Student: 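Have a look at this one.
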Amino acid sequence: MSTLDHEQVLIRTGPRSGLPVIVAVHSTTLGQAVGGCRLWRYADWRDGLADALRLSAGMTAKCAVAGLANGGGKTVVAIPEGAELDAAMRRAVLDDVADAIASLDGMYATGPDVGTTPQDMAVIGERTPHVFCRPAQHGGSGDSSPATALGTLAALRATSRRLHGTRALAGVRLSLVGLGSVGMRLAHLLADDGADLLVSDVDPAKRAKNKGLRATWVSPEQALTADVDILVPAALGGLLTEDVVPWLRCSAIAGPANNQLATAAVADLLHRRGIIWVPDYVVSAGGVINALTVELHHETPDKARERVEAIEHTVTDLLDTADHRQVTPAQAAAEQARLRLDTPRLAST
Ligand code: PHE
């Protein structure tokens with residue numbers, strides 16, 4: 001039998017919205033659990049629960065490896081497929097989420113994630129103080145996507161150094177899957193650096209929106225299996241399945257999408273194919289690092305940026321450690337997270 005490795009999972013039917021509200025608190029060993037609020041469509045609410053369980057565990061690892069004194073959690077509201085949220089329904093959902101978070105009494109704080117915005121955080125903030133990334137005029141640090149994109153850029157520099165011996169991305173062939181709020185920003189940063197860039201999104205309308213971007217548009221399938229140096233998953237999770245691995249033609253994979261591996265075994269399959277997979281929770285930590293540095297530790301935006309850019313060193317160390325110890329980067333990262341969780345004093349702030 002598998003065991004529940006979460007401290008607490010709250011599941012309730014939102015009294016206003018009638019929708020399943022799930023708050024998974026994975027760990028508070030290092031401090032208050034943090035993790036975004038995902039409003040997403042699921043065929044079955046139990047799929048939303050599975051997502052919340054996995055994503056919250058990922059947040060624990062994300063905070064631990066980033067050296068943050070916080071644990072991991074996640075909120076998921078499972079919207080039935082085909083349903084649209086009008087303004088009144090959205091408000092009802094956010095009020096339901098806020099009450100669920102308030103009932104946890106500070107054990108967990110939320111932030112934006114797929115399907116939510118800083119404005120939504122301001123709405124949640126009307127009912128509970130345990131929320132990050134409200135717009136600046138509401139006292140928060142605002143959109144976390146620019147910091148997540150910047151942190152990903154840092155991770156890509158470290159990955160590129162591992163492949164080519166230089167952190168410069170000019171001429172490096174990259175394939176970006178997903179042009180959401182993080183992916184889009186990242187595409188512009190990479191193009192500015194002179195990367196040789198393929199971009200894709202399931203939504204063809206994104207193509208027109210990107211007329212100014214110096215990149216080649218391809219289909220998501222082409223992007224996934226393109227002959228490139230680094231594949232950059234920036235869409236929803238589960239992209240890397242056991243079936244897809246034999247078709248990949250990249251040398252490394254590093255991107256901000258959470259939960260990229262469909263199963264844990266995929267990390268080993270990639271390793272056996274000689275493809276370096278940089279764990280998603282290390283790559284994508286920029287948003288949460290920025291929000292906590294500014295809002296919790298009251299540091300300046302410059303200091304926060306420095307901490308986000310330090311992801312480059314984290315990834316460099318991780319890839320070196322994996323090499324020396326002859327383990328996958330996934331194993332090296334998991335061990336580092338475990339070490340920090342076992343000896344919380346070693347974690348910095
Ligand atoms: N969506 C963010 C992530 O996956 C979560 C987050 C960002 C939480 C900022 C709090 C503050 O890392």
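When a ligand or atom number is given, it counts from 1 through the structure's own listing order. Just so it is clear, the model here is predicted, and its values are computed rather than measured. Computed from heavy atoms alone, side chains included, the values below leave out hydrogens, waters and symmetry copies.
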Student: Scan residues 231-243 for pairs that pass side-chain hydrogen bond (donor to acceptor under 3.5 Å, both in side chains), counting only residues two or more places apart or in two chains.
Tutor: Glu242-Thr263

Student: Present, as a list of atom pairs with distances to 0.1 Å, all nitrogen or oxygen contacts under 3.5 Å between ligand 1 and the protein.
Tutor:
from: ligand 1; atom 1: 1 (N); to: Pro112; atom 2: O; distance (Å): 2.9
from: ligand 1; atom 1: 1 (N); to: Asp113; atom 2: OD1; distance (Å): 2.8
from: ligand 1; atom 1: 4 (O); to: Lys62; atom 2: NZ; distance (Å): 3.0
from: ligand 1; atom 1: 4 (O); to: Lys74; atom 2: NZ; distance (Å): 3.3
from: ligand 1; atom 1: 4 (O); to: Asn258; atom 2: ND2; distance (Å): 3.2
from: ligand 1; atom 1: 12 (O); to: Lys62; atom 2: NZ; distance (Å): 2.7

Student: Using the rule given for side-chain contact (heavy atoms from CB on, under 4.5 Å), can you reason through Arg12 versus Ser103, listing the C-alpha separation, both sets of side-chain angles and the distance that settles it, and then say yes or no?
Tutor: CA-CA 12 Å; Arg12 60 164 70 149; Ser103 78; 3.7 Å; yes

Student: Please confirm whether the backbone N or O of Gly142 pairs with a side-chain atom of Arg134, one donor and one acceptor, at under 3.5 Å?
Tutor: no

Student: Apart from Leu19 itself, what residues make up its hydrophobic cluster, given side-chain heavy atom links below 4.5 Å?
Tutor: Leu10, Val21, Val23, Val25, Leu39, Val77, Ile79, Leu85, Met89, Val93, Leu94, Val97, Ile101, Leu104, Met107, Tyr108, Met121, Val123, Ile124, Val131

Student: Looking at Thr116 and Pro112, would you say the former's side chain and the latter's main chain have a donor-acceptor pair under 3.5 Å?
Tutor: no

Student: Could you name each residue pair satisfying salt bridge (charged side-chain N to carboxylate O under 4.0 Å, His left out) that touches residues 267-295, not counting sequence neighbours?
Tutor: none

